[in-house]
Amino acid sequence: MKGVFFNNKKYRNNAILCVAGMLFCIVTTSFNISQFGPQSFERQINDAVIQWYNLHLILEQKDLEAYPPVAARRAAQLGIAGILVYKTHAKDIELENPNALLLLHNVYAALLTNFYCSNPAWVAMIENQKRQLSTGIKTPDERQNIAANSLWVLNKLEELSPKWPTKSSDCAGTEAQINRQISVDTNKSILPGWQHQPVFLHENSRLQVRSPFVNDGRDQRRLVEEALTVYYTSQQLSDEKKWIAEFWSDDIRGLTFSPAGRWLSITNQLTAKQPMPISHLFDMYAKVGIGLNDAITLCWKFKYMHAIERPSVKIKTHFEPSWKPLHEDPSFPSYPSGHATIGYAATSILQPYFGENISFSDKSHIGRVEFLGMPRHYTSLSEMAKENAASRIYLGVHYPLDCFEGMKLGQAVGKNIRNTDLSTLIFDTSALN
């Protein structure tokens with residue numbers, strides 16, 4: 001990346017301040033729900049879900065192997081696990097049985113431990129949160145039942161997604177064959193094998209993107225014209241566009257959470273501001289997680305199917321040999337844009353729960369000093385999705401075509417999931433891929 005991200009000395013000097021800022025943001029978001037009055041059981045559930053997802057995001061930004069497809073698959077499993085707890089223990093939740101809350105803590109803790117088992121310190125953070133959230137919950141001594149119910153949920157989850165790699169590659173027995181990031185100049189890319197991974201919802205497997213270009217002269221000229229647009233944009237970036245570019249970047253492992261994690265952060269913030277009935281809560285997180293998974297899985301399939309090089313290659317060849325994007329190119333093909341795809345999938349799913357028109361300041365990167373992460377205010381979910389997609393052109397890492405096609409693909413994925421009844425889907429696997 002050009003500038004602040006890869007200035008290692010500056011990064012080390014500011015690390016403590018950055019972590020403190022992130023923790024402030026996460027704690028503020030986690031407990032913001034208390035402003036809505038006494039801690040009813042419904043609000044305890046809302047608060048518990050937000051806190052577990054926020055811990056997931058803290059760990060995700062530390063995990064060097066949480067590349068977009070892996071991160072999105074984790075989001076899907078977290079969401080499905082939550083709705084499994086709700087659907088199989090709805091009566092306990094309706095009766096405000098504290099065992100249901102303990103079960104939720106157990107399941108989330110087990111999943112996060114599975115995701116982040118490569119680092120003992122991370123596992124300790126998970127256990128510490130589980131202990132803190134469980135302390136003070138008055139319930140009969142039913143630890144064996146809670147443990148058995150947790151195991152059932154986790155086994156059911158594995159049955160629904162047996163081929164889904166979600167672990168760090170350092171974990172024993174992991175199925176994830178994760179390649180460490182390699183320079184794009186070596187013609188090697190991140191997770192090329194992911195193009196063969198399944199989506200969750202079978203209907204999404206039928207979705208396609210249009211073939212962007214074939215190897216004839218006319219279409220190659222069109223690609224050069226697209227690159228020229230990126231080049232001209234880079235020459236006249238305003239401070240506002242630079243802010244937008246860095247604000248939505250979210251693609252530096254070990255520094256930020258993933259682009260998929262960004263939409264979980266947004267979902268958490270919206271939920272903290274507007275708590276919802278438990279049935280809606282679990283349905284929403286499950287659909288957002290599945291949407292992120294299916295969107296990025298399809299995106300990865302088409303990236304490697306079409307193997308379009310990044311704009312920098314064309315710009316250096318045809319316009320300016322020394323040109324560089326604002327941040328370094330991600331090490332995987334360009335078309336379509338993953339940010340645009342998952343952004344439109346997520347907002348399409350979130351709209352029925354929060355409405356299209358919102359007044360919302362995204363504080364996902366509050367306190368960060370390595371890049372332009374100051375909160376930005378939005379008045380609609382569509383505004384957020386469009387700005388997220390445009391940010392990739394401002395950053396210099398995507399052609400406009402990448403973003404337009406990603407927007408269409410994400411919207412189609414989101415529509416399919418939005419119209420799916422998950423309450424029957426998870427118990428009738430005929431609709432699964």
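Listed by chain and number, the residues in a ring-ring contact (aromatic ring centres under 6.0 Å, His included) with Phe302 amount to none (sequence neighbours excluded). In this view, His306 and Tyr335 satisfy the ring-ring contact (aromatic ring centres under 6.0 Å, His included) rule, not counting sequence neighbours. Every residue was checked against the side chain to side chain donor-acceptor pair (under 3.5 Å) condition with Ser279, not counting sequence neighbours, and none meets it. Applying the side chain to side chain donor-acceptor pair (under 3.5 Å) criterion to Ser238, with sequence neighbours excluded, gives no partner residue. Not counting sequence neighbours, the partners of Asp362 by the salt bridge (charged side-chain N to carboxylate O under 4.0 Å, His left out) test are Arg262. Qualifying ring-ring contact (aromatic ring centres under 6.0 Å, His included) partners for Tyr394, counting only residues two or more places apart in sequence or in other chains: none. Applying the side chain to side chain donor-acceptor pair (under 3.5 Å) criterion to Ser150, with sequence neighbours excluded, gives no partner residue. Qualifying side chain to side chain donor-acceptor pair (under 3.5 Å) partners for Asn128, counting only residues two or more places apart in sequence or in other chains: Arg131.
The closest donor-acceptor contact from the side chain of Ser265 to the backbone of Gly261 lies at 3.5 Å or more, if one exists at all. Glu226 places a side-chain N or O within 3.5 Å of a backbone atom of Leu401 that can act as its donor or acceptor partner. In terms of modelled atom types and a separation under 3.5 Å, the side chain of His377 and the main chain of Ser359 share no donor-acceptor contact. Here the side chain of Glu60 pairs no donor or acceptor atom with the backbone of Ala66 at under 3.5 angstrom.
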*Show your reasoning for whether side-chain contact (heavy atoms from CB on, under 4.5 Å) applies to Asn106 and Lys130.*
CA-CA 7 Å; Asn106 272 22; Lys130 177 184 171 183; 3.0 Å; yes
For Lys301 and Val199, run side-chain contact (heavy atoms from CB on, under 4.5 Å): C-alpha distance rounded to whole Å, both residues' side-chain angles, the deciding distance at 0.1 Å, then the answer.
-> CA-CA 10 Å; Lys301 170 185 174 181; Val199 294; over 6 Å; no
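Note that OG1 of Thr297 and CZ of Arg73 are 4.0 Å apart. Values are rounded to the nearest 0.5 Å. Remark: Phe41 CZ to Asn97 CG distance equals 7.0 Å, nearest 0.5 Å. To the nearest 0.5 angstrom, Leu103 atom CG is 5.5 Å from Asn149 atom CG. Here Arg74 contributes atom CZ and His56 contributes atom NE2; the two are 7.0 Å apart, rounded to the nearest 0.5 Å. Ile50 CD1 to Asn268 CG: the interatomic distance, rounded to the nearest 0.5 Å, is 6.0 Å. Once rounded to the nearest 0.5 Å, the distance linking CG of Leu112 with CD of Gln129 reads 8.0 Å.
Residues Tyr399 and Ile308 have side chains in contact (heavy-atom distance under 4.5 Å, counting atoms from C-beta outward). Thr347 has its side chain out of reach of Asn388: every pair of non-hydrogen atoms, C-beta onward, lies at least 4.5 Å apart. With contacts defined as side-chain heavy-atom distances shorter than 4.5 Å, the pair Phe115/Leu78 qualifies. No side-chain heavy atom of Val70 sits less than 4.5 Å from a side-chain heavy atom of Glu65. Taking the side chain as every heavy atom from C-beta outward, Gln197 and Trp300 never approach each other to under 4.5 Å. The shortest side-chain heavy-atom distance between Thr256 and Ser249 does not fall under the 4.5 Å cut-off. Between Val230 and Pro400, the closest side-chain pair of non-hydrogen atoms falls below 4.5 Å. Within the 4.5 Å cutoff, no side-chain heavy atoms of Pro212 are placed close to those of Arg222.
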Side chains of residues 408-417: which donor-acceptor pairs under 3.5 Å do they make with residues two or more places apart or in other chains?
unit_1, atom_1, unit_2, atom_2, d
Lys408, NZ, Glu405, OE1, 3.4
Asn416, ND2, Asn204, OD1, 2.8

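Between Trp263 and the choices Phe257, Trp248, Tyr285, the ring-ring contact (aromatic ring centres under 6.0 Å, His included) rule is met once, by Trp248.
Relative ring orientation between Phe247 and His365 is described as perpendicular, the plane-to-plane angle rising above 60° on a 0-90° scale split at 30° and 60°. Aromatic ring orientation, Tyr116 versus Trp122: perpendicular (interplanar angle above 60°, classes split at 30° and 60°).
Residue pairs meeting the salt bridge (Lys or Arg N to Asp or Glu O under 4.0 Å) criterion with at least one partner in residues 375-395, sequence neighbours excluded, are Glu240-Arg376, Asp251-Arg392, Arg376-Glu387. Pairs engaging residues 349-358 under the salt bridge (Lys or Arg N to Asp or Glu O under 4.0 Å) rule: none recorded [sequence neighbours left out]. Within the structure, salt bridge (Lys or Arg N to Asp or Glu O under 4.0 Å) pairs that include any residue of residues 276-287 comprise Asp283-Lys287 (at least two apart or interchain).
Side-chain contact of Gln351 with Arg418: a donor-acceptor pair under 3.5 Å is absent, judged by distance alone.
Ring centroid separation for the pair Tyr304 and Trp194 does not come in under the 6.0 Å cut-off.
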